[in-house]
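See structure below.
Below, each value reflects all heavy atoms present in this structure, side chains not excepted, and no hydrogens, waters or symmetry copies. Here the structure is a predicted model, which means the values were calculated and not measured. Throughout, protein chains are lettered first and strands after them, A, B, ... in sequence-line order, and every chain is numbered starting at 1.
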There are 2 protein chains.
Amino acid sequence: MLLSKSCMYGLRASVLLASRENAEFVTIRELSDELNISFYFLTKVLQQMTKANLLESYKGPNGGVKLAKPAGEIRFMDVVIAIDGLKSLNECALGLPGCGVMKPCPLHEQWSALKTDMLNMMESITLKQLSIHERTAKASDQTIDIKNRINTFFEPN
Amino acid sequence: MLLSKSCMYGLRASVLLASRENAEFVTIRELSDELNISFYFLTKVLQQMTKANLLESYKGPNGGVKLAKPAGEIRFMDVVIAIDGLKSLNECALGLPGCGVMKPCPLHEQWSALKTDMLNMMESITLKQLSIHERTAKASDQTIDIKNRINTFFEPN
DNA sequence: ATATATTAAGACATAAGACTCTTTAATATG
DNA sequence: CATATTAAAGAGTCTTATGTCTTAATATAT
Ligand code: FES
Ligand code: FES
């Protein structure tokens, strides 16, 4: 598993929030219902994102969470860093210390090339792009309404 | 973490075994000492590889483990499959079920491209290549003898 | 003020992964 | 045969990740 479950949950919620960028605060309960993620657990994950200034939260009636910046300004990578941390992005494939810093392991050359591609991807893709992809998919399948479609994207495990 | 620790341990041990392909059985104790991995734990991991017919084991005096085939015929991927399983190679980046089979998630296109590269790498690299890389590295640093060099590759965490 | 809605924080529970130890089985050697 | 050496198998422990619940804090509305 490349990303932790927490991180995947955070990403799913982010994309959903991005697809409603117009909206005001969305309750975590609504997100967790739609994504089939434990409300309690998702709450913890989104707290991490709030601390990292990716989300803004508001307590009380009409409260909830929303993206702290335009979806086009939040990179895939930002979410990963907020939840799994920077270290998770620079690990040696064989788990040895100091990948890229110390003596490279036998896999380093190949692995770091892949890692570069992966980082480029994470750096270039924004939540906006992910949410647009979602919309396009929806448009191409007119028989399924929006809510339904999001639900099929984010089916329970 | 892309690969489990078990898997990384198995790979490290494999490369070490490959670099001694000439040798007869090597005891797990010797491997665990040289790689700074718990002997008990490594034993379990190598058992999985033996069951998968990647290693051959022999009990009793002068026993141990050795590669079951020439190092050039064992692919990186074979070790990963033996230890982490096939499923680990085809996961959705967002943890959704049926990546590549069911409706793709918003990240699928980008992620599956990366995954293809990764699988190609795992499929094309053999233990022989990894061990040769190791030898080359050694040759370029004459001041450090072989055993020492392996030890610096495989430092404790 | 009081009641209600909501996130934050912290404590707790369960499951999975990582690691350890003990016992058993196979083999070799004297 | 007796003893030593080694991996296999199984049970147990420790740690980390995941998931749940309760209480506190903050905001709104009546
Ligand atoms: S040192 Fe192992 S991948 Fe970089
Ligand atoms: S469905 Fe998500 S990466 Fe393929």
- Message: Closest approach to the side chain of I28(A), judged atom by atom: which nucleotide of dA7(D), dT7(C), dT20(D) is it?
- Response: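 Nearest nucleotide to the side chain: dT7(C).
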
- Query: Name the one of C99(A), P97(A), S112(A) that satisfies side-chain contact (heavy atoms from CB on, under 4.5 Å) with C92(A)?
  - Reply: C99(A)

- Task: Determine the sole option in D78(B), V79(B), I74(B) for which the side-chain contact (heavy atoms from CB on, under 4.5 Å) test with M49(B) is passed.
- Result: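 Single pass found, and it is V79(B).
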
- Task: Under 4.0 Å between any heavy atoms, over every strand shown, what does S4(A) touch: base, sugar-phosphate, or nothing? Just pick one.
- Result: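 Answer is sugar-phosphate: S4(A) comes under 4.0 Å of backbone atoms only.
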
Between [N] ([atom2]) and [X] ([atom1]): distance, integer Å:
{"X": "R12(B)", "N": "dA18(C)", "atom1": "CZ", "atom2": "C1'", "value": "13 Å"}
{"X": "L2(A)", "N": "dA17(D)", "atom1": "CG", "atom2": "C1'", "value": "16 Å"}
{"X": "R29(B)", "N": "dA4(D)", "atom1": "CZ", "atom2": "C1'", "value": "15 Å"}
{"X": "E30(A)", "N": "dA5(C)", "atom1": "CD", "atom2": "P", "value": "15 Å"}
{"X": "F39(A)", "N": "dA5(C)", "atom1": "CZ", "atom2": "C1'", "value": "11 Å"}
{"X": "L42(B)", "N": "dA18(C)", "atom1": "CG", "atom2": "C1'", "value": "13 Å"}
{"X": "I83(A)", "N": "dT18(D)", "atom1": "CD1", "atom2": "P", "value": "11 Å"}
{"X": "F41(A)", "N": "dC12(C)", "atom1": "CZ", "atom2": "C1'", "value": "15 Å"}

- Closest heavy-atom contact between L94(A) and M8(B)?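 Taking L94(A) first and M8(B) second, the nearest heavy atoms are C-SD, 3.4 Å.
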
- Give, for atom CD1 of I28(B) and atom NZ of K44(B), the distance between the pair rounded to the nearest 0.5 Å. 10.5 Å

Pick out the pairs of N or O atoms, protein on one side and nucleotides 10-16 of chain D on the other, that lie under 3.5 Å.
unit_1: dG10(D); atom_1: N7; unit_2: K44(B); atom_2: NZ; d: 2.6
unit_1: dG10(D); atom_1: O6; unit_2: K44(B); atom_2: NZ; d: 2.7

- Query: Less than 4.5 Å apart, any side-chain heavy atom of L96(A) and any of R12(B)?
  - Reply: yes

- Message: Tell me every residue that passes side-chain hydrogen bond (donor to acceptor under 3.5 Å, both in side chains) with N90(A), counting only those two or more places apart in sequence or in another chain.
- Response: K115(A)

- Item | side-chain hydrogen bond (donor to acceptor under 3.5 Å, both in side chains) partners for E56(A), two or more places apart | none

- Contacts to DNA chain D from residues 45-53 of chain B, heavy-atom cutoff under 4.0 Å, which residues?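 Residues of residues 45-53 of chain B that come under 4.0 Å of DNA chain D are, in numerical order, Q47(B), T50(B), K51(B).
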
- Message: Checking the side chain of W111(B) only, and the main-chain atoms of E91(B) only, is there a donor and an acceptor separated by less than 3.5 Å?
- Response: yes

- Item | N/O (side chain, S38(B)) to phosphate O (OP1/OP2, dT20(C)) under 4.0 Å |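 Yes, within the criterion.
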
- In 5'-to-3' order, the base (B), backbone-only (S) or no-contact (-) status of each nucleotide in nucleotides 22-30 of chain D, using a 4.0 angstrom heavy-atom cut-off, is B--BBBBS-

- State whether R20(B) and E34(B) are salt-bridged, where the test is any N-O pair (Lys NZ or Arg NE/NH1/NH2 against Asp/Glu carboxylate O) under 4.0 Å. yes

Ignoring hydrogens and angles, write down the donor-acceptor pairs under 3.5 Å from the side chains of residues 57-70 of chain B, residues two or more places apart or on other chains.
none

- Query: In terms of hydrophobic clusters joined by side-chain contacts under 4.5 Å, are F25(B) and L46(B) together?
  - Reply: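 The answer is no; the residues belong to distinct hydrophobic clusters.
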
